[in-house]
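This one's a predicted model, so the numbers in the text were calculated from it and none came from an experiment. Order of the sequence lines sets the chain letters (A, B, ...), proteins ahead of strands, with each chain counted from 1.
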Amino acid sequence: MNYWLFKTEPSECSIDDFAHNPTQAIVWEGVRNYQARNYLRDDVAIGDQVLIYHSSCKLIGVAGIAEVVRAAYADPSQFDSRSVYYDAKSIAAQPRWVAVDLRFVSKLPAVITLDKIKSSAKMAELPLVQKGSRLSVMPVTAQQWRDLLALQ
DNA sequence: GCCAACGTTGGC
DNA sequence: GCCAACGTTGGC
């Protein structure tokens, strides 16, 4: 079982969307970066635990936890010409992008802010806080997972 | 809204 | 395969 951090803009999909549909599988689509795609495709597995991170918003940071309930499959949005995630260059026989499904686990009582994460020496190796890192899907070690949630 | 940093594209 | 131009990310 692996640990991950997934970024999302809460205006698109927030921890509250999970919390309001706690038994429903949420399609995690729209990842359009190859390194993030490779993690999704090759390493994200059913049962993995995911930190849901809110970016580009008022309160930036880790807002909750979700669990992977379906491993990688062709991201349907890449073939939908009305979607903002549409990719005209992706062909059905060889889909370029993948999605996974997540399900709600918990909402943290308070967001663990990026500020707090940055100020923790134990988080120095987390890709999130490394200069210039823009990965939207990143691995988290078991130790980092524990240490990060202990920042609450 | 700004802009630094990074990724992608496409001409050569 | 290089690299300039352009697009995107995401904190501030």
Should D80(A) and R82(A) count as an ion pair when the cut-off is N to O under 4.0 Å? yes
Tell me: CG of L128(A) to C1' of dG10(C), nearest whole Å? 11 Å
Note: D87(A)-R32(A) ion pair, threshold 4.0 Å (strictly below): no
Between L135(A) (CG) and dA5(B) (P), how many Å, whole number? 17 Å
Nearest-Å distance for atom pair CD/P, residues Q35(A) and dT9(C): 15 Å
We want to know whether Q78(A) and S90(A) form a side-chain donor-acceptor pair, criterion being a heavy-atom distance below 3.5 angstrom. yes
Let me know the distance between CZ of R96(A) and P of dT8(B), rounded to the nearest Å. 10 Å
The residue, K89(A) or N33(A), whose nearest nucleotide of DNA chain B is more 5′ is N33(A)
Please report, rounded to the nearest Å, how far the P atom of dG7(C) is from the CZ atom of R134(A). 14 Å
Would you indicate what S56(A) reaches in the nucleic acid, counting non-hydrogen atoms under 4.0 angstrom: base, sugar-phosphate, or nothing? base
Can you check whether V31(A) reaches Y85(A) side chain to side chain, under 4.5 Å on heavy atoms? no
State yes or no: are the ring centers of F79(A) and W97(A) separated by less than 6.0 Å? no
Distance in angstrom units between D87(A) CG and dG7(B) C1', rounded: 15 Å
dG11(C) phosphate, OP1 or OP2, under 4.0 Å from Y53(A) side-chain N/O: yes
dA5(B), dG11(C), dG10(B): which one has an atom nearest the side-chain heavy atoms of S55(A)? dG11(C)
Quick note, L114(A) side chain, CB onward, closest among dC12(C), dG7(B), dA5(B) is dC12(C)
How many Å lie between CH2 on W97(A) and C1' on dG7(B), as a whole number? 10 Å
Indicate, with a heavy-atom threshold strictly under 4.0 Å, whether K58(A) touches base, sugar-phosphate, or nothing. nothing
Once hydrogens and angles are ignored, does a donor-acceptor distance under 3.5 Å link the base of dT8(C) to the side chain of R32(A)? no
Q130(A) has an atom CD; how far is it from atom P of dT9(C), in whole Å? 20 Å
Verify the contact: side-chain N or O of K7(A) to OP1 or OP2 of dT9(C), cut-off strictly under 4.0 Å; return yes or no. no
